Amino acid sequence: MAEQSIPVAGTQEGGSVEGATPVEGRLPAGSGISRRALLGTAGATGLVLGAAGGAVGYTSAPAAATPLTSVGSDEVMFHGKHQPGITEGLQARGHLVAFDLAAGAGRKEAAALLRRWSQTAQRLMAGEPSGSDDTDVARDAGPSSLTLTFGFGHSFFARTGLEKQRPVALDPLPDFSSDQLDKARSNGDLWVQIGADDALVAFHALRAIQKDTGSAAKVRWQMNGFNRTPGATAHPMTARNLMGQLDGTRNPKPGEPDFDQRIFVPESGTPAWMANGSYAVVRRIRMLLDDWEKLSLGSQEAVIGRRKANGAALSGGTETTAMDLEKTDAKGDLAVPINAHARITRPDQNGGAAILRRPFSYHDGIDANGGPDAGLLFVCWQADPLRGFVPLQRKLDRGDALSQYIRHESSGLFAVPGGAAEGEYVGQRLLEG
């Protein structure tokens, strides 16, 4: 094994920084003290030579290890008004999983399953083992912003005899002309979203949930995604997708006057068990990256309607500057093309329709044609999909410039109830109401 040096604090790859204080036990450059002289004085001065690699400078009582980062210690609370995994920031790793109840399983089995899942989620999100049979996959890590979110699909209600409790907002999404959906990777009785800032923590949660399922349900489909790791950029910024574009510039933000109205079901809404809940639309959107990457930078920006470098609208300003839909260039053409993705998706162009985007990117290798099977695990949240996702997608379906570079390959719609109070499990008000 090649010898490795120990970097000086404040340097990269063990390099030196002008004016830096030498590490204890490391000889300053040009000190004039030979290794032989140092060895000769070691016994007299009490210096201890490290056995590994002949390093010097370690005392008999080494200091406690200094944490490398605070990412692992970040914790999201399980109990609350809303379920976790909706308003939190993007996480570095994610798993989306749909389950179908097993033959013969009904309301009783579903209630027991949601109780198990909720108990496991609470423990894992606190950074604790999942239970007595924990796999130890995440033994050395903290919570790492782990979230687990649970939802019900349209078919769940017939399977459990709860058809009268099924929300109207959960009616199947309409067909869109650009859809090329794989039914085997769409919908499902139950849906679980797992996110964390560490891949092993996320996988650990996935395995725990799958083990908890037992014989009550079976996996219908699973999709795995990722985002940029928190701290990888010099300052917080909007995430980029696999096309290199900033993705989520106009996302509604918690604290805005109409945020809750757009994203969450009101406490007075119907059905009552969905109070403070939300609806998740999940779409696996394949990006045709080979075709996209053949476009010039200017052509890519015209498709989106924003600058690739900083997300600013083509009408000028910065990422947060309001788009000027009427501005023209020197030739008299609209600065933001009429079919640009960012123009079409503006709420003021769609009767105020708005969604909270919270996606993951994915890459599942190379397809049969040699192209990358990669794109976006699109997850969006809204109080009512008929006032959120549906009008936006209908508008995009009629003339979005981006449509020729993407393909919707799977779809799901899930009712995600409000958060569980202390002592409750997710969905208890539905299953025991």
Side-chain angles (χ1 to χ4, degrees), residues 173-183 185-186 223 225 238-251 281-315 319 323 325 327-329 331 333-347 349-350 353-355 357 359-380 385 388-412:
L173 297 173
D175 295 329
F176 301 103
S177 64
S178 59
D179 286 352
Q180 298 183 36
L181 304 181
D182 178 358
K183 292 184 178 180
R185 292 193 296 181
S186 298
M223 301 175 190
T238 307
R240 292 189 184 273
N241 59 35
L242 298 189
M243 288 181 162
Q245 302 289 151
L246 294 182
D247 193 334
T249 294
R250 290 187 58 84
N251 246 353
V281 173
V282 182
R283 310 275 280 185
R284 184 181 191 271
I285 303 177
R286 174 84 165 267
M287 292 178 173
L288 308 180
L289 294 177
D290 284 345
D291 294 335
W292 174 256
E293 292 164 2
K294 292 175 184 177
L295 297 178
S296 66
L297 174 61
S299 295
Q300 290 180 351
E301 292 180 338
V303 168
I304 302 299
R306 291 185 176 274
R307 299 293 178 197
K308 195 171 185 179
N310 60 8
L314 298 185
S315 55
E319 181 184 0
M323 184 178 292
L325 300 182
K327 186 173 182 178
T328 57
D329 58 22
K331 298 180 180 179
D333 297 326
L334 288 170
V336 181
I338 196 69
N339 62 347
H341 183 76
R343 173 190 283 266
I344 293 175
T345 56
R346 285 172 55 96
Q349 300 294 299
N350 298 279
I355 56 176
R357 300 168 58 95
F360 293 94
S361 293
Y362 77 88
H363 179 217
D364 290 341
I366 305 301
D367 64 19
N369 297 319
D373 183 1
L376 198 68
L377 300 181
F378 176 86
V379 182
C380 73
F389 174 79
V390 171
L392 286 173
Q393 188 58 32
R394 279 177 172 159
K395 188 78 171 288
L396 291 169
D397 209 36
R398 292 196 295 267
D400 178 22
L402 183 61
S403 61
Q404 62 181 303
Y405 302 103
I406 61 175
R407 184 165 54 216
H408 291 242
E409 296 184 337
S410 70
S411 179

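What you see is a predicted model; the values in this text were computed from it and never measured.
Arg284 has a carboxylate O that lies under 4.0 Å from a charged side-chain N of Asp373, or vice versa, which qualifies the two as a salt bridge. Comment: Asp247 does not engage Arg240 in a salt bridge, judged by the lack of any side-chain N to carboxylate O separation of less than 4.0 angstrom.
For the atom pair Leu396 CG and Leu402 CG, the distance stands at 8.5 Å (nearest 0.5 Å). Distance check: Asp182 CG to Ser410 OG gives 7.5 Å after rounding to the nearest 0.5 Å. Within the model, atoms CE of Met323 and CD of Gln349 stand 9.5 Å from one another, a figure rounded to the nearest 0.5 Å. Taking OG1 from Thr249 and CD1 from Ile304, the interatomic distance works out to 10.5 Å, rounded to the nearest 0.5 Å. In this structure, Leu334 CG and Ser315 OG are separated by 10.5 Å, a value rounded to the nearest 0.5 Å. Separating the CG atom in Asn241 from the CG atom in Leu376 is a distance of 6.5 Å, to the nearest 0.5 Å.
Thr238 places a side-chain heavy atom less than 4.5 Å from the side chain of Glu319. Residues Arg343 and Ile338 are in side-chain contact: their nearest non-hydrogen atoms beyond the backbone lie under 4.5 Å apart.
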Please list, one pair per line, the donor and acceptor atoms closer than 3.5 Å that link side chains of residues 287-298 to other protein atoms, with sequence neighbours excluded.
| residue | atom | partner | partner atom | Å |
| --- | --- | --- | --- | --- |
| Trp292 | NE1 | Met243 | O | 3.3 |
| Ser296 | OG | Ser299 | N | 3.2 |
| Ser296 | OG | Ser299 | OG | 3.0 |

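Counting only distance, with no hydrogens or angles, the side chain of Asp367 and the backbone of Gly370 share a donor-acceptor pair below 3.5 Å.
The salt bridge (Lys or Arg N to Asp or Glu O under 4.0 Å) contacts involving residues 393-406 comprise nothing, where partners must be two or more places apart or lie in separate chains. Within the structure, salt bridge (Lys or Arg N to Asp or Glu O under 4.0 Å) pairs that include any residue of residues 295-311 comprise Glu301-Arg307 (at least two apart or interchain).
Applying side-chain hydrogen bond (donor to acceptor under 3.5 Å, both in side chains) to Asp179 and the options Gln393, Arg407, Arg283 leaves one that passes, Arg283.
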